[in-house]
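Numbering of ligands and ligand atoms starts at 1, following listing order.
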Amino acid sequence: MLPRLKARLTDRTASLITEIEQSLHLCPELHAMLTEGLADDCPLATADGGYIRAGFDEELDNLRQLAQGGKEWIARYQAAQIDETGIPNIKVGFNKVFGYYLEVTNAHRDRVPATFMRKQTLKNCERYITPELKEYEEKVLAADEQAKERELWLFQTMRDSVHEHLRQLQETAAALARLDVFAGLAELAARRGWVQPEMSDQIVLDIEEGRHPVLDTTMPQGAFVPNDATCSAEDGMLMIITGPNMAGKSTYIRQIALLTLLAHVGSFVPAKRATIGLTDRIFARVGASDELSRGQSTFMVEMVETARILNTATPRSLVILDEIGRGTSTYDGLALAWSITEYLHDRVGCRTWFATHYHELTQLSESMPRLVNLNVAVREWDDQVVFLHRIIAGGADKSYGIHVARLAGVPTAVNERAKDILAQLEHDHRDQFDRSTIAPPKSSSGGALQMTLFGYCDHPALDELRGLDVGSLSAEEAQAALQRLQTRAQEIPAIG
Ligand SMILES: Nc1ncnc2c1ncn2[C@@H]1O[C@H](COP(=O)(O)OP(=O)(O)O)[C@@H](O)[C@H]1O
Ligand SMILES: [Mg+2]
């Protein structure tokens, strides 16, 4: 194949292709030796010989002929013995223990001549040896043995000359591997309508009608919904993507990272048009791959990965975060997701897409200028949810988890009950203006953030405190009230 490949690569203008072409070594002497020397159907093991082609080595040919000729002689010898003794069924046989022998059935035993020396007696026959047979046996076996030795020696010589071409062969293999990658990407680009991305040294990203390279191929033609993605200092650097489960959040953010990666390895990308700013690293925190065997819980793995991102990402990095804080309690998870968002926005400032089911995070856009809320379009009618897989501006205000549970086959009773509980929870945690009691944190004077998100933790003790008419209490009553309140307060788990 090599000469044909090399021929197709000559006189190309692309320097990479020229480089590959020059690294393809045809090694004509080696090629000639192997084609001339090796038989067409080489056996798997060298033990029985037969892998060196006839006509390649004169000495081997002679030895083989001798071994062959010897066998022919035995056939002739058998015929001659039948003739001489008049025993019609004399047979020459061979086994590993006794070598060659003449076999005479018991019916003809009395016609055996004196020159036959008995070697072995079996139930129905006797086996004999003659001096001539012995002599030829030695010749044949020796020739066969020598031929095998010669073959092995030739093989080892060939192997040595392959080894002499080691560097050229390895360079050729590496060049072929590169060529294979380029050819694969080129074929994909041509077949699936990928476009050449424009690389930019600005910290931007602008994809029009991008598609997930894998889902776009595995889903029926045209079923995958393309989506845009933009990111720049003006348009926003940190995108919060909310929306129900199964809407396509993970797909969307992975698609952005994959297209960025493809562009950086020199590939075309599945999109209508794409501008990709040079990126020093792509960080992805996705999926919940347990590493229990290494003694790390899902949440620990999640945090280790997050820590790595926060500690190493630069403004030139691209970060995708898929569901931070799922592996712990809701408040814990939300608080972490919240502060991680702030850190990425305020300190790192890198291009970030963060898919989250905490739609409370969408409130952060009020205080963070470069934060953009996106969500996945969903059509709701008749208590049913249809996923449109289209990314649109704005934050989601519902998570539809219960709808997804029903789609998955969770019993109706469980879903109905969950709906009631949800309504109750939502009612309990809304203030008089019907806003969630989880509020965006306010920056106080020193810039330190006061988290009010634990407003959820309302406690009966607070009600009592609110109801106390302090002015009318005697000193003893005040002390008793304080005592009571303290006891109740101690029941509240400490935060932080
Ligand atoms: N853009 C899209 N077009 C068509 N189908 C999609 C698209 N995005 C996602 N899907 C389908 O929806 C499924 C769920 O997507 P996923 O990204 O895992 O959702 P989420 O992360 O929001 O729960 C995918 O496996 C895929 O079948
Ligand atoms: Mg997801």
Side-chain angles (χ1 to χ4, degrees), residues 192-195 205 207-230 238-262 269-274 282-290 298-299 301-302 305-306 309 319-328 330 333-334 336-337 340-341 352-362 372-380 384-410:
R192 310 216 45 101
W194 291 13
V195 298
L205 187 129
I207 296 171
E208 192 183 331
E209 295 191 13
R211 308 183 306 270
H212 190 288
V214 178
L215 278 185
D216 187 42
T217 341
T218 53
M219 290 177 76
Q221 183 78 32
F224 188 83
V225 180
N227 274 303
D228 299 346
T230 45
L238 196 154
M239 273 50 70
I240 298 278
I241 302 107
T242 45
N245 279 309
M246 289 297 290
K249 301 183 295 299
S250 301
T251 306
Y252 177 65
I253 63 173
R254 287 169 204 209
Q255 163 183 323
I256 292 168
L258 285 170
L259 265 59
T260 305
L261 180 65
L262 281 169
V269 296
K272 198 170 163 195
R273 192 188 54 76
I282 297 171
F283 291 96
R285 221 245 39 94
V286 299
S289 57
D290 254 84
T298 308
F299 183 63
V301 171
E302 196 180 310
E305 290 178 6
T306 307
I309 295 172
V319 173
I320 61 167
L321 300 171
D322 201 350
E323 303 285 11
I324 292 267
R326 268 201 156 166
T328 184
T330 307
L334 176 53
L336 275 166
I340 287 164
T341 307
T352 305
W353 281 262
F354 183 2
T356 180
H357 68 297
Y358 293 125
H359 42 77
E360 290 86 351
L361 290 185
T362 57
V372 173
N373 284 319
L374 300 173
N375 75 97
V376 199
V378 163
R379 187 167 293 155
E380 218 182 331
Q384 301 269 352
V385 180
V386 179
F387 302 119
L388 302 180
H389 306 301
R390 222 180 51 247
I391 302 290
I392 52 174
D397 54 353
K398 283 168 95 173
S399 42
Y400 301 94
I402 293 172
H403 298 265
V404 175
R406 187 183 49 213
L407 285 182
V410 172

Seminar exercise, completed: atom 3 (N) of ligand 1: closest protein heavy atom, distance to 0.1 Å, is Val225 N, 2.8 Å

For this session: Determine the minimum heavy-atom distance between Phe224 and Gly210, stating which atoms define it.
Result: CE2-O, 4.3 Å

Seminar exercise, completed: ligand 1 atoms nearer than 4.0 angstrom to some heavy atom of Asn245 are 23 (O)

Exercise. So which heavy atom in the protein is nearest atom 24 (C) of ligand 1, and how far is it from that ligand atom?
Worked result: Thr251 OG1, 4.1 Å

Problem set entry | Taking atom 18 (O) of ligand 1 as the reference point, the nearest protein heavy atom with its distance | Ser250 CB, 4.0 Å

For this session: Ignoring hydrogens and angles, tell me if any N or O in the side chain of Asn373 forms a donor-acceptor pair with the backbone of Thr362 under 3.5 Å.
Result: yes

For this session: Mark yes or no for whether Lys249, through its side chain, and Pro244, through its backbone, hold a donor-acceptor pair below 3.5 Å.
Result: yes

For this session: Return the minimal non-hydrogen interatomic distance between Trp353 and Ala229, and the atom names on each side.
Result: CZ2-CB, 4.5 Å

Exercise. Can you tell me if an N/O/S atom from Asn245 lies under 2.8 Å from the Mg ion (ligand 2)?
Worked result: no

Exercise. Does at least one non-hydrogen atom of Met219 fall below 4.0 angstrom from an atom of ligand 1?
Worked result: yes

For this session: Indicate yes or no for a side-chain donor-acceptor contact from Tyr252 to the backbone of Val376 under 3.5 Å, with no hydrogens or angles considered.
Result: no

Problem set entry | Region of Ala223 engaging ligand 1 - heavy atom pairs below 4.0 Å | backbone

Problem set entry | Nitrogen or oxygen of Ala247 less than 3.5 angstrom from that of ligand 1 | yes

Exercise. Any idea which atoms of ligand 1 are less than 4.0 Å away from a heavy-atom of Pro244?
Worked result: 22 (O)

For this session: Please report the shortest heavy-atom distance between Glu323 and Phe354, naming the atom on each side.
Result: N-CE1, 4.4 Å

Exercise. Out of His389, His212, Met246, who gets a non-hydrogen atom closest to atom 20 (P) of ligand 1?
Worked result: Met246

Problem set entry | Nearest neighbour in protein (non-hydrogen) for atom 25 (O) of ligand 1 | Leu215 CD1, 4.7 Å

Seminar exercise, completed: Between Val195 and Lys272, the two heavy atoms sitting closest are CG1-O, 3.5 Å

For this session: Would you confirm whether any non-hydrogen atom of the protein falls under 4.0 Å from atom 27 (O) of ligand 1?
Result: no

Problem set entry | Atom indices of ligand 1, in the order listed, that fall short of 4.0 Å to a heavy atom of Gly248 | 8 (N), 9 (C), 15 (O), 16 (P), 17 (O), 19 (O), 20 (P), 22 (O)

Exercise. Under 6.0 Å from the CZ atom of Arg273, do we count more than 12 heavy atoms belonging to anything else shown?
Worked result: yes

Seminar exercise, completed: When every non-hydrogen atom of Arg211 is compared with those of Trp194, the smallest separation belongs to NH2-CD1, 3.8 Å

